[in-house]
A.B. asks: 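Handing you a structure now.
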Protein chains: 2
Amino acid sequence: MSTKSSPRTSARPRLSSLNRRERAPDHRAAGSPAALQFRPIHTRRAFEEICERIREQLVLGVLKPGDKLPAERDLARQLGVSRNVLREALRSLEMAGVLRLQKGVKGGAFIREGDTSRMNDVMRDMLSLGTISVRELSEARVHVLDLVVRLACANARAADLEALEANVDRTELATREGRLLDRVECSREFYKLLAAATGNKVIAMIMDSVTEIHMRFVYAKVASSGVAMARLAEKRRQFLAALRERNVSSATRLMRTHLESVQRMLEQDPGAMSLHVALADIQPGIRR
Amino acid sequence: MSTKSSPRTSARPRLSSLNRRERAPDHRAAGSPAALQFRPIHTRRAFEEICERIREQLVLGVLKPGDKLPAERDLARQLGVSRNVLREALRSLEMAGVLRLQKGVKGGAFIREGDTSRMNDVMRDMLSLGTISVRELSEARVHVLDLVVRLACANARAADLEALEANVDRTELATREGRLLDRVECSREFYKLLAAATGNKVIAMIMDSVTEIHMRFVYAKVASSGVAMARLAEKRRQFLAALRERNVSSATRLMRTHLESVQRMLEQDPGAMSLHVALADIQPGIRR
DNA sequence: TTCCATTGAATGGGTGATCCATTTAATAAT
DNA sequence: ATTATTAAATGGATCACCCATTCAATGGAA
């Protein structure tokens, strides 16, 4: 072994002696039972250990949103890893929405408020990879929206209703001025506000994740064909009225029939709609 | 500028001339309208560009599950970035469940089948960061489960019912043998099978994500107190019977009352239940 | 004093060379 | 034929740099 390698393995405290956490058991002396299953062992890598430790501090409450981690150089030294490896870990946590990295003096790695849009990215990747289908997503959206409408009827507060009303105002204006794509943007916002009106951030997050991609399809459709939903603002007003009255069955019915007509619109000339067109430009983003 | 820096900026084709995609518009000559909002510009970093390009190839169908990316050294050269930066991108994609990295000759970066468990990790981080509360998660779970039961009644196939039946058999056995923690594991599996019985992977994914953490709480409770749900297997049999009969109202009612009793169990001695206990040991994992 | 340009240090972003550990196919020895 | 050995390819990790951005401290001009 070369003399150069020795400092790497001994000169400073290393991350963990548990670097390889699990080993395949040695069954050589015990024969080979047929049903025996080996979980693939997977050598634990430094960056995983680092991510784990940081998440641990989060769960323990030692780290909270707004807190700053030590500078990369310091933290790397503390953990006994190279700066590059530490950066891999920080990158992963950044992409997971846990950290926000900021340059410059007074910069650093800050714990973020949770980024609820991360679920959208998961959904997008699942679609890209073909693990879920557009059909499944649409179907799920119908059911989730049904739930959201019921919860919004039960829990919407005055502020929620006002925000929705203002949204419909914008929708109406966009319609009058012929800004169809802006109107699609209003629709996206409408569903986001409706999701928020449930008063449950988990439900809202789920709702957003199944709505995001759907709206991309609508956008692509409107952009390419120029056709758009007729009497949209009017339908929204009716729905809002039902919501105000806490009339679950009416609100549900209105939303359901609306979804059906949107679906019919999307399914005209289905050949024009490709996953690729709808998903283009959405990239798991780092929102700062 | 030193002579050393010049090769970095000119010697080989760089990632993109669009390295900074969006710039804040220059409004100096136009005054300062009050409502003007600046989206924070954020210098696009190399690893983001790389992730985007790879995801692009996914959406376009050029890359499919099972495909292998070029070796790190080659890909880095092709993209005109250093190997370290490329690795940051690959790490991020690995943590996102898009890639699987494998060592050794014949190793490399392979496109994975989508990993539906990624959503669980998002949920976990949201809890750790305090963005969502346990209360919201439990409430969401009740509603989602309600939906899942309805869909399972409508769509469960013979194979699904068999798997559920086998699961209840195991539950019964574990009960008789007093293996309470194994029985919790059975419960986790039960809900996973039920989710799968909906026939919709999006719904299943959502269901799993709200169930995972909940089951950690149940596990921690059972492990610490030794108490456990009475007549569990029996209740499961009743529920399965309703499911077989496609009796939505009965199945829904049975599940709902069961959830309530579980909730009562969890809420005894609530002080003992901390987020930290329940979340310990769950780490966004790389399952190979 | 007040204001604005300059400077310099801290920080994340990025590079390239080098070595290690694991895996596997080709090769040699038995 | 079978079994060790070897060599090459690959991801994992380290080190020593340099660059670009940011911002507080500094200092000179108004």
Side-chain angles (χ1 to χ4, degrees), chain A residues 1-12 14-16 19-20 23-24 40-50 68-77 79-94 99-110 286 288, chain B residues 1-12 14-16 19-20 23-24 40-50 68-77 79-94 99-110 286 288:
Chain A
M1 186 178 277
S2 83
T3 54
K4 271 191 171 179
S5 67
S6 102
R8 201 184 334 279
T9 50
S10 64
R12 51 184 194 183
R14 295 308 316 282
L15 231 196
S16 170
N19 214 11
R20 276 139 197 81
R23 289 211 165 276
I41 91 152
H42 110 256
T43 55
R44 198 164 180 67
R45 291 160 297 176
F47 91 98
E48 298 180 72
E49 191 94 25
I50 297 170
K68 191 173 97 166
L69 296 181
E72 289 184 356
R73 290 159 177 86
D74 292 341
L75 190 49
R77 199 158 11 81
L79 291 167
V81 298
S82 76
R83 201 178 146 212
N84 286 328
V85 159
L86 174 66
R87 290 175 111 259
E88 287 179 17
L90 295 182
R91 275 285 124 77
S92 298
L93 290 171
E94 185 184 18
L99 294 181
R100 170 177 52 89
L101 299 187
Q102 215 163 35
K103 266 206 286 196
V105 57
K106 294 292 162 188
F110 298 86
I286 283 120
R288 306 201 170 195
Chain B
M1 185 179 280
S2 83
T3 53
K4 270 190 173 178
S5 67
S6 102
R8 197 181 344 272
T9 50
S10 63
R12 52 184 194 183
R14 294 312 314 283
L15 234 195
S16 170
N19 214 9
R20 275 140 197 81
R23 290 211 164 273
I41 92 150
H42 108 255
T43 54
R44 198 163 180 65
R45 291 160 297 176
F47 90 97
E48 298 180 75
E49 191 94 27
I50 297 169
K68 192 174 96 165
L69 296 181
E72 289 183 357
R73 290 160 177 85
D74 293 342
L75 190 50
R77 198 159 11 80
L79 290 167
V81 298
S82 75
R83 200 179 148 213
N84 286 322
V85 161
L86 174 66
R87 288 175 114 261
E88 287 180 16
L90 295 183
R91 274 288 123 78
S92 299
L93 290 171
E94 185 185 18
L99 294 181
R100 170 178 52 90
L101 299 186
Q102 214 164 36
K103 267 205 284 195
V105 57
K106 293 292 163 187
F110 298 86
I286 283 118
R288 307 203 168 195

A.B. asks: Would you mind reading off the distance between A:Lys103 atom NZ and C:dG12 atom P, rounded to a whole angstrom?
C.D. replies: 11 Å
A.B. asks: Could you go through A:Glu88 and A:Arg91, starting from their C-alpha distance and side-chain angles, then the distance that decides it, and tell me whether this counts as salt bridge (charged side-chain N to carboxylate O under 4.0 Å, His left out)?
C.D. replies: CA-CA 5 Å; A:Glu88 287 179 17; A:Arg91 275 285 124 77; over 6 Å; no
A.B. asks: Which whole-number value in Å describes the distance from B:Arg100 CZ to C:dT23 P?
C.D. replies: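 Those two atoms, CZ and P, are 13 Å apart.
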A.B. asks: Can you tell me if A:Arg87 touches the phosphate of C:dG12, counting only side-chain N or O atoms and a distance under 4.0 Å to OP1 or OP2?
C.D. replies: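 Checking C:dG12 against A:Arg87, no side-chain N or O comes under 4.0 Å of OP1 or OP2.
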A.B. asks: In whole angstroms, how far is the C1' atom of D:dA13 from the CG atom of B:Leu90?
C.D. replies: 15 Å
A.B. asks: In whole angstroms, how far is the C1' atom of D:dG12 from the CZ atom of A:Phe47?
C.D. replies: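 Distance, rounded to whole Å: 10 Å.
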A.B. asks: Find which nucleotide of DNA chain D each of A:Lys106 and A:Asn84 is nearest to by heavy atoms, and output the residue with the more 5' nucleotide.
C.D. replies: A:Asn84
A.B. asks: Whole angstroms only, please: what is the CG-P distance between B:Leu86 and C:dT15?
C.D. replies: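 That distance rounds to 10 Å.
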A.B. asks: If we only count heavy atoms from C-beta on, is the B:Leu99 to B:Leu69 side-chain gap below 4.5 Å?
C.D. replies: yes
A.B. asks: Name the closest nucleotide to the A:Arg73 side chain, picking from D:dG11, C:dT11, D:dA13.
C.D. replies: C:dT11
A.B. asks: From the set D:dT14, C:dG16, C:dT11, return the single nucleotide nearest to any side-chain atom of A:Val85.
C.D. replies: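 Of the candidates, D:dT14 comes closest.
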A.B. asks: Answer yes or no: does atom NZ of A:Lys68 have more than 12 heavy-atom neighbours from other residues, nucleotides or ligands under 6.0 Å?
C.D. replies: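 Yes - once you tally the heavy atoms of other residues, nucleotides and ligands closer than 6.0 Å, there are more than 12.
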A.B. asks: Between C:dT22 atom P and B:Leu101 atom CG, what is the distance in whole Å?
C.D. replies: 17 Å
A.B. asks: State, to 0.1 Å, how close B:Glu72 and B:Leu86 come at their nearest heavy-atom pair, and which atoms those are.
C.D. replies: O-CD2, 3.2 Å
A.B. asks: Please determine if a side-chain N or O atom of B:Arg83 lies less than 4.0 Å away from the OP1 or OP2 oxygen of C:dA17.
C.D. replies: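 Checking C:dA17 against B:Arg83, no side-chain N or O comes under 4.0 Å of OP1 or OP2.
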A.B. asks: Hey, what do you get for CG (B:Leu79) to CZ (B:Phe47), rounding to the nearest 0.5 Å?
C.D. replies: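 Between B:Leu79 CG and B:Phe47 CZ, I get 14.0 Å after rounding to 0.5 Å.
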A.B. asks: Using only side-chain N and O atoms of B:Arg91, determine if any of them is under 4.0 Å from OP1 or OP2 of D:dG12.
C.D. replies: yes
A.B. asks: Starting at atom CD of A:Glu72, determine the distance to atom P of D:dA13, rounded to an integer number of angstrom.
C.D. replies: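 Interatomic distance, CD of A:Glu72 to P of D:dA13: 17 Å.
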A.B. asks: Within this structure, what is the NZ-to-P distance between B:Lys68 and C:dT23, rounded to whole angstrom?
C.D. replies: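 Spelled out: NZ on B:Lys68 to P on C:dT23 is 15 Å.
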A.B. asks: Return the 5'-most residue of the pair B:Gly108, A:Val105 with respect to DNA chain D, ranking by each residue's nearest nucleotide.
C.D. replies: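 Result: B:Gly108.
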